[in-house]
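Just below is one structure, and these are the notes that go with it.
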Amino acid sequence: MSEQTPLLKVRDVKVYFPIPKGRDWPWQPMPMLKAVDGVSFDLYPGETLGVVGESGCGKSTLARALIGLVKARSGEITWEGKNLAGLDDKGFHDVRRDIQMIFQDPLASLNPRMTIGDIIAEPLRNYEPGLSSEEVKQRVRQIMDRVGLLPNVINRYPHEFSGGQCQRVGIARALILKPKLIICDEPVSALDVSIQAQVVNLLKELQQEMGLSLVFIAHDLSVVKHISDRVLVMYLGNEAEVATSESLYANPSHPYTQALLSAVPNPDPDLERNKTIQLLEGDLPSPINPPSGCVFRTRCPKAQESCAKNKPELMGVEHHQVACPVVMAG
Ligand SMILES: Nc1ncnc2c1ncn2[C@@H]1O[C@H](COP(=O)(O)OP(=O)(O)O)[C@@H](O)[C@H]1O
Ligand code: SF4
Ligand SMILES: [Mg+2]
């Protein structure tokens with residue numbers, strides 16, 4: 001993979017939100033909520049990166065930063081060699097054609113007053129205004145067929161649909177411009193378990209067929225296992241572990257990854273019985289006042305005194321990196 005140019009290159013990206021109500025006097029510095037606090041990764045054409053971490057870890061903020069919906073306060077996001085921060089409106093409009101997004105709540109992300117056909121056609125009308133209405137209809141029908149929507153629903157409205165069907169509409173809309181990357185922000189979290197696998201498999205199939213790259217966000221490691229080439233585990237805005245799926249699931253190393261995995265039931269009853277239960281204790285600390293040093297230390301079963309001092313950097317071999325010097329010294 002490394003001979004190729006990455007599609008997306010993310011370097012030490014930080015996104016902080018000012019908290020105006022968090023100070024007593026106006027001359028005090030505005031407290032900052034550190035939603036994303038130094039994330040780096042590369043994404044290659046055709047590759048899927050899973051991004052996992054419990055709710056509030058900064059996954060959606062990272063996703064929004066990648067498409068410029070929130071501004072990174074520092075760091076660099078490069079798309080096909082172009083720095084996103086340096087693009088003018090026209091340049092950004094062009095990039096957004098190639099990067100589409102699918103959201104968690106399928107119904108809420110679809111305009112309730114538009115028909116399914118119009119919702120799916122909207123990006124096409126925006127980016128290819130020269131198409132005739134017959135051509136648009138044709139493209140809409142094609143993509144509806146690909147995502148498993150029957151042609152006779154084209155004039156229906158989102159509220160007439162189930163969550164799974166709405167998500168198929170969202171996928172069709174994201175795919176109609178044939179983008180290079182789709183950022184899927186917990187696309188199956190709101191769906192019944194029985195429908196989740198269908199939607200994940202559909203995305204995987206479409207990805208292989210169209211050579212798409214995916215960033216697939218979930219709060220559960222089991223959801224991304226079969227779709228991801230690599231997985232990034234996030235905790236409180238920081239990277240805990242980044243590895244190929246194969247290596248991560250065979251040898252989860254960061255105490256946070258281990259805790260996330262032990263929360264997933266194991267289908268093998270023997271392994272399940274022998275599993276050391278190490279569920280996470282306590283709540284996620286506030287990202288306004290994150291713990292010093294390693295942000296995971298307040299909940300880490302392996303924490304030592306030294307963990308309060310320095311923020312751990314990712315260490316290890318290229319296909320498996322862990323931000324924990326204690327484990328690495330292991
Ligand atoms: N626009 C915003 N203003 C202030 N804080 C925000 C904003 N968006 C997200 N946050 C905060 O940033 C943190 C990360 O949120 P988010 O990226 O949504 O996490 P996740 O998607 O992993 O659940 C949370 O503490 C959240 O409350
Ligand atoms: S650096 Fe310390 S607190 Fe952080 S994960 Fe490793 S052992 Fe736990
Ligand atoms: Mg989110």
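Order of listing sets the numbers, starting from 1, for every ligand and every atom in it. For the numbers below, each heavy atom of this structure counts, side chains included, while hydrogens, waters and symmetry mates do not.
No side-chain donor-acceptor contact under 3.5 Å links Glu47 and Ser213. A donor and an acceptor atom, one from each side chain of Thr5 and Glu80, are nowhere located under 3.5 Å apart. Judged purely by distance below 3.5 Å, without hydrogens or angles, the side chains of Lys34 and Asn238 never pair a donor atom with an acceptor atom. At a cut-off of 3.5 Å, with distance as the only test, no side-chain donor of Ser194 or Asp192 sits close to an acceptor on the other residue. With hydrogens and angles left out, the side-chain atoms of Tyr44 and Asp229 include no donor and acceptor closer than 3.5 Å.
Listed by number with element, the atoms of ligand 1 under 4.0 angstrom from any heavy atom of Ser55 are 23 (O). If you number the atoms of ligand 2 from 1 as listed, the ones under 4.0 Å from a heavy atom of Arg297 come out as 3 (S). Counting atoms of ligand 2 from 1 in the listed order, those under 4.0 Å from a heavy atom of Pro255 are 5 (S). Close contacts of ligand 1 with Ala35, meaning ligand atoms under 4.0 Å from a residue heavy atom, involve 12 (O), 13 (C). Those atoms of ligand 2 that come under 4.0 Å of a heavy atom in Lys302, given as number and element, are 7 (S).
Look at Cys307 and atom 2 (Fe) of ligand 2: an N/O/S atom of the residue is under 2.8 Å from the metal. Metal site remark for the Mg ion (ligand 3): Ser55 contributes no N, O or S atom at a distance under 2.8 Å. Residue contacts to atom 8 (Fe) of ligand 2: Cys324 brings no N, O or S atom closer than 2.8 Å.
For the pair Lys178 and Glu209, the salt-bridge criterion is not met [side-chain N within less than 4.0 Å of a carboxylate O]. Using a 4.0 Å cut-off between charged nitrogen and carboxylate oxygen, Glu246 and Lys225 do not count as a salt-bridge pair. Ion pairing between a basic and an acidic side chain is recognised when a charged N comes within 4.0 Å of a carboxylate O; Asp94 and Lys90 show such pairing.
When the options Val36, Leu33, Leu69 are ranked by their closest heavy atom to atom 13 (C) of ligand 1, first place goes to Leu33.
Test Ile143, Ile102, Ile120 against Leu175 for side-chain contact (heavy atoms from CB on, under 4.5 Å) and you get one pass: Ile143.
Within the 4.0 Å heavy-atom criterion, the part of Pro287 lying near ligand 1 is the side chain and not the backbone. At a 4.0 Å heavy-atom cut-off, ligand 2 touches His254 through the side chain alone.
Looking only at protein heavy atoms, the nearest one to atom 8 (Fe) of ligand 2 is Cys300 SG, 2.3 Å. Among all protein heavy atoms, the one lying closest to atom 19 (O) of ligand 1 is Gly58 N, 3.1 Å. With respect to atom 4 (Fe) of ligand 2, the closest heavy atom belonging to the protein is Cys294 SG, 2.3 Å. Atom 24 (C) of ligand 1 has as its closest protein heavy atom Gly56 O, 4.1 Å. Scanning the protein for heavy atoms near atom 18 (O) of ligand 1, the closest one is Ser60 CB, 3.8 Å. Looking from atom 7 (C) of ligand 1 to the surrounding protein, the closest heavy atom is Phe17 CE1, 3.3 Å.
Between Thr61 and ligand 1, a contact under 3.5 Å exists for at least one N or O pair.
In this structure the side chain of Val242 never reaches within 4.5 angstrom of the side chain of Val231, judged on heavy atoms.
Taking the six-membered ring for Trp and thresholds of 30 and 60 degrees, His254 and Tyr256 have ring planes more than 60 degrees apart, a perpendicular arrangement.
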